[in-house]
Amino acid sequence: MRPRVPFTPLAMAFSAAIFSSGAVQNTPTPESVAVQLLAFNDFHGHLEPPSGSNGHIGSTPAGGIEYLATHLAQLKAQNPNTLTVAAGDLIGASPLLSGLFHDEPTIEALNAVGLDVSSVGNHEFDEGWPELYRMQRGGCHPIDGCLDGTPFTGAAFQYLAANVILNPRTIDKAVLSRSGVTINDRRLLQPLFPASVVKVVGGVKVGFIGMTLRRTPELVGQKGVQGLLFRDEADSANQTVRLLRTQGVRAIVVLIHQGGVPSGDDYNGCDGVSEPIESIARQMSNDVDVIVSGHTHRAYICTFSGKLVTSAAAFGRLVTKIDLRIDRTTGDVVSKTAHNIVVTRDVEKSAAQTAILARYRPAYETLGHTIIGTIARDITRTQNVAGESALGNLVADSILEATRDRSAGGAVVAFMNEGGIRADLVHDSPTSETPATVWYSEAFDVEPFQNRLVTKTFTGAMIREALEQQFDNPDPGRDQILQVSAGFHYAYDRSQPRGRRVDPASIRIGREIVEPKKHYRVAMTDFTADGGDNFTVFPRGTDAVYDGSDLEALQAYFKRHSPAAPGPMDRITRRQVDP
């Protein structure tokens with residue numbers, strides 16, 4: 001394992017948040033130096049090979065930290081001037097092997113692969129920014145301690161967050177004290193982590209700027225980002241570029257946890273890559289050479305306004321190999337290419353990674369291999385044309401059943417945000433006629449956040465408003481279709497004007513049309529109830545009753561309904577489907 005990079009205290013301003021480290025020497029060529037960047041994004045603690053659709057690139061099984069480490073080592077051997085970088089969401093929404101231990105195994109595994117620098121992503125804030133700060137600087141969990149019995153030294157790589165600002169006027173002083181953060185001047189806004197880092201490789205400087213999407217507060221629990229400001233991505237990048245240029249840095253790479261969605265499946269193509277990444281890239285200074293992006297879990301290689309823009313899907317299934325040629329005299333990038341490489345499982349496993357996983361497996365297997373039920377067939381997150389999925393229906397049904405009793409909230413309908421469902425349930429029995437076991441670890445992978453369930457009162461008009469807000473996501477082309485419980489039906493027409501896409505006469509609970517002025521008890525997770533995913537209507541609900549978690553509801557559902565099978569997906573109707 002590499003020596004741990006010392007964590008730099010919070011800077012007083014952006015200019016103080018730029019520093020140099022990690023010289024990697026190479027015999028220089030007369031004119032230029034070949035520098036290789038190995039990039040990935042949205043790892044989400046997938047230490048074991050992912051299952052189901054999460055575990056393939058096309059038809060090729062891919063991913064798993066033991067294989068990822070080997071591929072990275074092989075690529076590094078091709079060029080000693082190599083840096084390994086990432087674009088956020090390395091942790092959070094993680095499977096049980098990492099999530100059970102507050103993602104410490106993932107940080108240790110990424111230390112071992114030699115990750116140099118990463119931007120933060122929205123999921124890095126899932127357990128709150130003080131916990132993310134602990135991931136960087138080390139130390140045992142404040143409640144659970146170090147569960148594997150060994151000290152946790154923190155990330156050897158540097159987290160960057162150019163657009164995430166501590167607001168000393170609103171941040172809780174007690175939280176600051178507990179987290180070990182020092183506010184140097186309460187009159188100044190300060191970055192949570194450094195805005196950038198400069199690496200010297202092969203005798204040339206490469207500057208890295210890191211940031212997350214400015215909409216992060218809409219995507220995580222509000223307590224996790226309390227006291228933080230999230231600024232515009234392009235503005236923050238351009239401000240930091242100017243400071244890097246004053247230090248003589250001409251080769252500049254932005255690591256950003258924001259991306260786009262291509263229209264095709266060519267993971268080395270750029271067909272129809274949607275906003276917002278194109279607009280952000282075009283707004284960034286022309287001094288930016290490369291943008292390593294993420295967030296959308298898709299793969300592409302693009303060029304926007306002369307900037308090379310890459311993304312490597314998610315879960316460690318791809319590595320982006322970026323080749324730069326940097327002029328030795330001027331420090332400018334004179335050529336740049338990129339290629340996404342599949343992390344296949346036909347290579348030798350990394351012994352170092354196997355040893356890390358072995359230390360955590362005993363506690364993981366004790367809980368993870370508890371049987372909670374069975375399934376008759378695959379139950380997946382694959383959505384039909386209306387945005388409904390079999391697994392989404394099952395999860396929504398489990399929430400309704402857990403909150404239906406008056407003492408638990410008295411819900412008559414349940415909603416589940418699609419982003420809270422993170423994995424498929426895959427039938428792995430020898431024959432399709434035999435029910436397949438569902439382990440606790442598999443249920444945890446489906447719902448790793450363990451959000452609390454809350455039931456609130458809404459009018460029928462508010463329910464319709466919530467359904468309309470599914471189509472108001474600021475990211476174009478990414479509707480947030482709520483998964484709904486049995487007995488709830490509605491129809492929408494995506495071609496209609498804003499505010500009129502859902503047919504009010506089609507909204508029914510059972511056979512009754514939902515009346516605008518009538519009150520209904522609606523169950524959901526606390527993430528959604530607090531306005532997550534831009535559902536601003538849900539915080540206005542009244543008479544909140546909290547009872548249990550989404551994962552507990554799922555366990556109880558399987559106890560009652562095994563072997564569970566996928567349903568017909570007929571709760572949501574989409575009219576006027578685009579060709």
Side-chain angles (χ1 to χ4, degrees), residues 373 379 381 383 386-422 425 443 446-447 449-470 480-490 492 502 506-514 518-533 535 537-561 564 566-573:
I379 307 178
R381 299 162 294 160
Q383 296 181 350
E388 186 177 355
S389 75
L391 187 53
N393 286 350
L394 186 151
V395 169
D397 289 349
S398 73
I399 294 174
L400 179 60
E401 290 190 9
T403 57
R404 182 179 285 150
D405 287 346
R406 185 177 297 274
S407 62
V412 296
V413 63
F415 296 147
M416 179 65 190
N417 65 305
E418 58 171 325
I421 304 172
R422 307 298 297 191
L425 290 173
V446 171
E447 296 187 295
F449 302 109
Q450 299 187 66
N451 289 319
R452 290 195 299 168
L453 299 183
V454 56
T455 305
K456 292 183 176 183
T457 297
F458 297 90
T459 65
M462 294 169 72
I463 291 174
R464 182 190 174 192
E465 184 179 352
L467 297 178
E468 287 287 348
Q469 287 183 348
Q470 296 175 119
Q480 297 279 5
I481 302 298
L482 293 165
Q483 305 301 293
V484 301
S485 57
F488 187 84
H489 299 272
Y490 74 96
Y492 70 89
V502 177
S506 71
I507 307 173
R508 293 180 290 113
I509 298 177
R511 295 185 177 182
E512 289 189 17
I513 295 176
V514 171
K518 189 174 179 178
H519 291 84
Y520 302 88
R521 296 289 284 169
V522 182
M524 61 197 74
T525 67
D526 57 350
F527 168 79
T528 306
D530 290 341
D533 285 341
F535 285 100
V537 65
F538 287 135
R540 290 160 36 204
T542 60
D543 303 319
V545 173
Y546 292 83
D547 191 87
S549 73
D550 53 3
L551 182 57
E552 291 170 341
L554 189 60
Q555 290 178 265
Y557 181 90
F558 276 109
K559 186 175 181 179
R560 290 188 295 267
H561 296 286
M569 293 189 289
D570 58 358
R571 302 172 187 182
I572 306 173
T573 300

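Note that this is a predicted model, so its numbers are computed, not measured.
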Looking at every heavy atom in both [X] and [Y], which two are closest together, and how far apart are they?
{"X": "I399", "Y": "A414", "result": "CG2-CB, 3.8 Å"}
{"X": "Y520", "Y": "V514", "result": "OH-CA, 3.4 Å"}
{"X": "V395", "Y": "M416", "result": "CG1-CG, 3.6 Å"}
{"X": "K456", "Y": "F538", "result": "NZ-O, 3.2 Å"}
{"X": "F488", "Y": "L467", "result": "CZ-CD1, 4.1 Å"}
{"X": "L400", "Y": "S485", "result": "CD2-OG, 3.6 Å"}

**Request:** Determine which pairs satisfy salt bridge (charged side-chain N to carboxylate O under 4.0 Å, His left out) with at least one residue from residues 461-470, sequence neighbours left out, and list them in order.
**Result:**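 Applying salt bridge (charged side-chain N to carboxylate O under 4.0 Å, His left out) to every pair that reaches into residues 461-470, excluding sequence neighbours, yields E465-R540, E468-R501.
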
Can you tell me if [X] uses its side chain to pair, donor with acceptor, with the backbone of [Y] under 3.5 Å?
{"X": "D397", "Y": "A486", "answer": "yes"}
{"X": "E418", "Y": "G392", "answer": "no"}
{"X": "R381", "Y": "S389", "answer": "no"}
{"X": "D550", "Y": "N451", "answer": "yes"}
{"X": "R571", "Y": "E388", "answer": "no"}
{"X": "Y557", "Y": "A402", "answer": "no"}
{"X": "Q483", "Y": "L391", "answer": "no"}

Can you tell me how far apart [atom1] ([X]) and [atom2] ([Y]) are? Round to the nearest 0.5 Å.
{"X": "S549", "Y": "Q555", "atom1": "OG", "atom2": "CD", "answer": "7.5 Å"}
{"X": "Y492", "Y": "I481", "atom1": "OH", "atom2": "CD1", "answer": "4.5 Å"}
{"X": "T573", "Y": "Y490", "atom1": "OG1", "atom2": "OH", "answer": "9.5 Å"}
{"X": "D543", "Y": "H519", "atom1": "CG", "atom2": "NE2", "answer": "9.0 Å"}
{"X": "L453", "Y": "T525", "atom1": "CG", "atom2": "OG1", "answer": "7.5 Å"}
{"X": "F449", "Y": "I421", "atom1": "CZ", "atom2": "CD1", "answer": "11.0 Å"}

Are side-chain heavy atoms of [X] and [Y] found at a separation under 4.5 Å?
{"X": "F415", "Y": "V484", "value": "yes"}
{"X": "M569", "Y": "N393", "value": "yes"}
{"X": "L554", "Y": "L394", "value": "yes"}
{"X": "T455", "Y": "D547", "value": "no"}

**Prompt:** Does a donor on one side chain sit under 3.5 Å from an acceptor on the other, for T457 and R521?
**Reply:**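 Looking only at side-chain atoms, R521 and T457 do form a donor-acceptor pair, the distance falling under 3.5 Å.
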
**Request:** May I ask you to check whether over 12 heavy atoms, not counting those of R406, lie within 6.0 Å of atom CZ?
**Result:**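 Atom CZ in R406 is not packed in, count stays at 12 or less.
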
